[in-house]
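Take a look at the structure set out below.
Within every chain, numbering begins at 1; the chains are lettered A, B, ... in the order of the sequence lines, protein sequences first and strands thereafter. Any value given below was found using the heavy atoms of this structure, including those in side chains, with hydrogens, waters and symmetry copies removed.
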Protein chains: 2
Amino acid sequence: MATYRSDEGWDALGDPTRRAIVACLAEQPRAVGELARELPISRPAVSQHLKVLKDAGLVVDQQAGTRRVYRLNPAGVAALRDQLDTFWRRALDSYQDVVDQTTEEDS
Amino acid sequence: MATYRSDEGWDALGDPTRRAIVACLAEQPRAVGELARELPISRPAVSQHLKVLKDAGLVVDQQAGTRRVYRLNPAGVAALRDQLDTFWRRALDSYQDVVDQTTEEDS
DNA sequence: CCCCTTGGTAAGTCGTAGCTTACCGTTCGT
DNA sequence: ACGAACGGTAAGCTACGACTTACCAAGGGG
């Protein structure tokens, strides 16, 4: 089956807390402590999530004094988006067949 | 950051097996048994995954005799893709700031 | 009319992912 | 140079989700 090399990316976005982090970083780059303050979890938990997101290539970090600022990685996000886009296009093709055959509704 | 209404969609794609199912359905629509035959899990497991995917709006099903054919739902896939696209655009903005700062420090 | 195929549901087990507390290294300010 | 702030890691607990087997409902063909 078409190899996902971005498996880690999907796994990373599979967690609601990590999606919240991503959404937060989409607004603006933030340090670890700032993220922890806006989320209902402890700072170590944020660190662990950031490690997953970083390994997946979805975020990048940058040392700034004693703080460490994280931001979204455009390339990583784009990779996942492109995959969905591919699925979407293929789905449209199959959908065309449905229109031809029937206009049934399911439960 | 509140407005994920497609939380279920991300949770659904968070599982590797479900991603395999989605990739399989992207090739062509299939019945439950056909999917089970191409995957290393039992047929009930496939049914359970399909229920999750259907609740998330990523697939639609269609009765065909005694069989039940599943296919991708273009709208569901597009919804997730659009979210990633939004994140991607915001990520580019932040990335632009990085480029500005680093080039200033360059000299 | 029977039964065989197909598929959804129930019950139960097991692995793992996510959280917390505790600890340690590092960097800045004074 | 010392202390405080910031952040990553370790260890351990808990809960949830993915899978299995067993069972049941429904539609179609001989």
Asp11(A) vs Arg19(B) side-chain heavy atoms within contact, under 4.5 Å
yes
Rounded to whole angstrom units, what separation is found between the CD atom of Gln63(B) and the P atom of dA26(D)?
11 Å
Nucleotide dC6(D), atom P - distance to CG of Leu50(A) in whole Å
16 Å
So that I can tick it off, tell me whether Arg89(B) and Asp93(B) are bridged by a salt bridge, with the cut-off set at under 4.0 angstrom between side-chain N and carboxylate O.
no
Considering all heavy atoms, the nearest Arg18(A)-Ala12(A) contact
NE-O, 2.7 Å
Let me know, please, whether Thr66(A) or Arg67(B) comes out on the 5' side of the other along DNA chain C by nearest nucleotide.
Arg67(B)
Phosphate-side-chain proximity, Ser47(A) and dG8(D), N/O vs OP1/OP2 below 4.0 Å
yes
Look at the side-chain N and O atoms of Arg68(B) and state whether any lies under 4.0 Å from the OP1 or OP2 oxygen of dG8(C).
yes
Atom CG of Leu53(A) and atom P of dG18(C) are separated, to the nearest Å, by 10 Å
Considering only nitrogen or oxygen atoms on both sides, find all protein atoms under 3.5 Å from nucleotides 12-19 of chain D and state each distance.
from    : atom 1 : to       : atom 2 : distance (Å)
dA18(D) : OP2    : Arg18(B) : NH1    : 3.1
dA18(D) : OP2    : Arg18(B) : NH2    : 3.3
dA18(D) : O5'    : Asp15(B) : OD1    : 3.4
dC19(D) : OP1    : Thr17(B) : OG1    : 2.9
dC19(D) : OP2    : His49(B) : NE2    : 2.1

Just so I know, are the side chains of Trp88(A) and Leu80(B) near enough to count as touching, which here means a heavy-atom distance under 4.5 Å?
no
Protein-nucleotide distance (Arg43(B), atom CZ; dA10(C), atom P), rounded to Å
14 Å
Atom pair distance, as rounded to whole Å: CD1 in Ile21(B) and P in dG7(C)
13 Å
Taking salt bridge (charged side-chain N to carboxylate O under 4.0 Å, His left out) as the criterion, tell me which of Lys51(A), Lys54(A), Arg67(A), Arg30(A) meets it with Asp61(A).
Lys54(A)
Any heavy-atom pair between the side chains of Leu13(B) and Leu58(B) that's under 4.5 Å?
yes
So, is Tyr70(A) close to the dC6(D) phosphate, meaning a side-chain N or O under 4.0 Å from OP1 or OP2?
no
First encountered from the 5' end of DNA chain C, between Lys51(B) and Arg37(B):
Arg37(B)
